[in-house]
2 protein chains.
Amino acid sequence: MTARRDEILAAAAELFARHGFHGVGIDDIGAAVGISGPALYRHFSSKDALLGEMLTSISKDLLEGGSARAAAAETPAEALRELVAFQTDFALTHPALITVHERDLGNLRDADRHEVRTLQRRYVEVWVQTIQAAYAGVSEERARACAHAVFGLINSTPHNRYLDKPELTRLLHDLALGALDAVAVA
Amino acid sequence: MTARRDEILAAAAELFARHGFHGVGIDDIGAAVGISGPALYRHFSSKDALLGEMLTSISKDLLEGGSARAAAAETPAEALRELVAFQTDFALTHPALITVHERDLGNLRDADRHEVRTLQRRYVEVWVQTIQAAYAGVSEERARACAHAVFGLINSTPHNRYLDKPELTRLLHDLALGALDAVAVA
DNA sequence: TGCCGGTGTTAGCGGTCGCTAACACGGCAG
DNA sequence: CTGCCGTGTTAGCGACCGCTAACACCGGCA
C-alpha cells in the first residue's frame, strides 16, 4: 500500500521540520501515524532512506514543476512570474517540506545528498537562465545569487503566519518581483 | 577565562550549523577546540545551556544593534536602509549563527526559548514600526510579513557563495529595498 | 614551600536510539 | 481448508550520547 508510505512521509516531514532529523525518533514517527516504532521498517529500509526519499521526491517535484511552468510561458518576463508563482505556491502548500529540504540536507547519506544536490542545481539553473533572459546584462553569478535570495524570501513562509493564504501569496509575489526588478535597474 | 568560552561557542556554532544540534556530540565540540569531551563542563553547565547562551546572545546583538542603527537615522527611509544594511552585514559576518538561530530554536529549553522568542519579537517590532513609518498605509500584519520575508532574503547568505562580500552586500541591499519599495507601491 | 582554584584527563553510568528477531493475525489464492 | 504474504506487535541488542566521578597538572599567592 503506497498510501501508508505517503502518510508516513507526511507525518515525518512535520516532525523533522519541528525538531530536526536527529531530534525525532522512529517511535515518534510511528506514533504520529498510529502504528508503533519498528513497523516503519515494513515500508522503509531505514530512517536514512525515509529522509532520502522525502528530499529527492520534493527536489524532483520542484525541478519538474518549475521547468514545465517556465517552458510554457511565452516571454522571459512571464516565465519569471510563473517561476515565482510556482515557488510561492509550493512553499505555502508544503511548508514542512520546505523547512526540512533546506535544514536536513546535511543529514542525508552521501548518495542521496549527491542526487538531491544535483536536482537542486538543475532547478537553480532554470531560474538563472530565466533571470538572464528576462534582464539582459546580468551575469550568471549575479543571477544565481538573486535566485538564492528570492528562494530565501519566498521560503520564509513557515515563519509567516500573519496573513491568510491569498494575501500572503500576493505579497510574496510582489516582493519577489520587486526585488528582481530593482537589481535589473542597477 | 572568557576567551575559551567564546572559542567554544564559535566552534559549536559552526558544527550546529552543519549538522544540527542533535547531530553534534559533546566530543565533537571539544575536539574542534582541541580539548576532549567532558572538559566542556568546566565552561558550560550543559549542552543545552551552551545552545541557550549562543542563541540569546545573538538575539540580543540583533535587537541592540538594530535598535541603535534605526534610532540614529534621521528619516524613516534612512532608518530602513540602516536596518537592511545592519542585517546584511550581520548575516554575512556570522552565517553559522544565522543558520543555527533559525534552525535550532526548537531545541532550546523552555526558559531559553521563551527569552529568545521575546528578543526576536522585539527585533521584528523595530522593523515593523520602521516599515510603517517609511511607507504610510501599510498595515501592521503586512509590515510584519514583509519583515520576515526580507529576513529570509538576507539570511539566504549561507547558501550564497558565488559573489565576493562587497558585491553580495550591495546586491542583497538592492534586492531587499527593491522588494519593500514594490510592496509600498501596490 | 605548600596549598588551592582553574582547567584538563580517562573511565564509566544510565538512558536513548536505530534496528532486528520472533511471533501474531487477517485476507486472499489455489 | 490451507498456506502465504503483507502488516502489525513486543522484547531486546549493541552503539552512542550526555554527563559525573575521580584524579592530575599548573600557576599564583600566603
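What you see is a predicted model, and the numbers here were worked out from it, not measured in a lab. Protein chains get the first letters and strands the later ones, always in sequence-line order, with residue 1 at the start of each. The basis for the numbers below is simple: all heavy atoms, side chains too, and nothing from hydrogens, waters or symmetry mates.
Of all the heavy atoms in A:R103 and A:G20, the pair that sits closest is NH1-N, 2.9 Å.
Spacing between atom CG of B:L40 and atom P of C:dT7 amounts to 13 Å, rounded to whole angstrom units. Atom CG in A:D27 sits about 13 Å away from atom C1' in D:dG12, given to the nearest Å. Between B:I35 atom CD1 and C:dT7 atom P the separation is 11 Å, expressed in whole Å. For the pair B:H43 NE2 and C:dG6 P, the computed distance is 12 Å after rounding to whole Å. The nearest whole Å value for the distance from the CG atom in B:D28 to the C1' atom in D:dG18 is 12 Å. Rounded to whole Å, atom C1' of C:dG18 lies 6 Å from atom CD1 of A:I26. Residue A:N107 contributes atom CG, which lies 15 Å from atom C1' of C:dG18 at whole-angstrom precision. Rounding to whole angstrom units, OH of residue B:Y41 and P of D:dC19 are separated by 3 Å.
Distances from the side chain of B:S36 to the nucleotides D:dT9, D:dG18, C:dT9 place C:dT9 closest. Nearest nucleotide to the side chain of B:S46, out of D:dC19, C:dC19, C:dG8: D:dC19.
The cationic atom of B:K47 (NZ for Lys, CZ for Arg) does not lie both less than 6.0 Å from the six-membered ring centre of B:Y41 and within 45° of the ring axis.
Among the atoms of the strands shown, only primed sugar atoms or phosphate atoms (P, OP1, OP2) are found under 4.0 Å from some heavy atom of B:V24.
Positionally, the nearest nucleotide of DNA chain C for A:G23 lies more toward the 5' end than for the other of A:G23 and A:P38. Where A:A39 and B:D48 each meet DNA chain D at their nearest nucleotide, the meeting point lying more 5' is that of A:A39.
Taking the six-membered ring for Trp, A:Y162 and B:H148 have ring centres closer than 6.0 Å.
Using bins of under 30°, 30° to 60° and over 60° for the plane-to-plane angle, the ring pair B:F86/B:F90 lands in the tilted bin. The aromatic rings of B:F151 and B:Y123 lie parallel to each other, their planes meeting at an angle below 30°, with 60° marking the opposite boundary.
A donor and an acceptor atom sit less than 3.5 Å apart, one in the side chain of A:R42 and one in the base of D:dG8.
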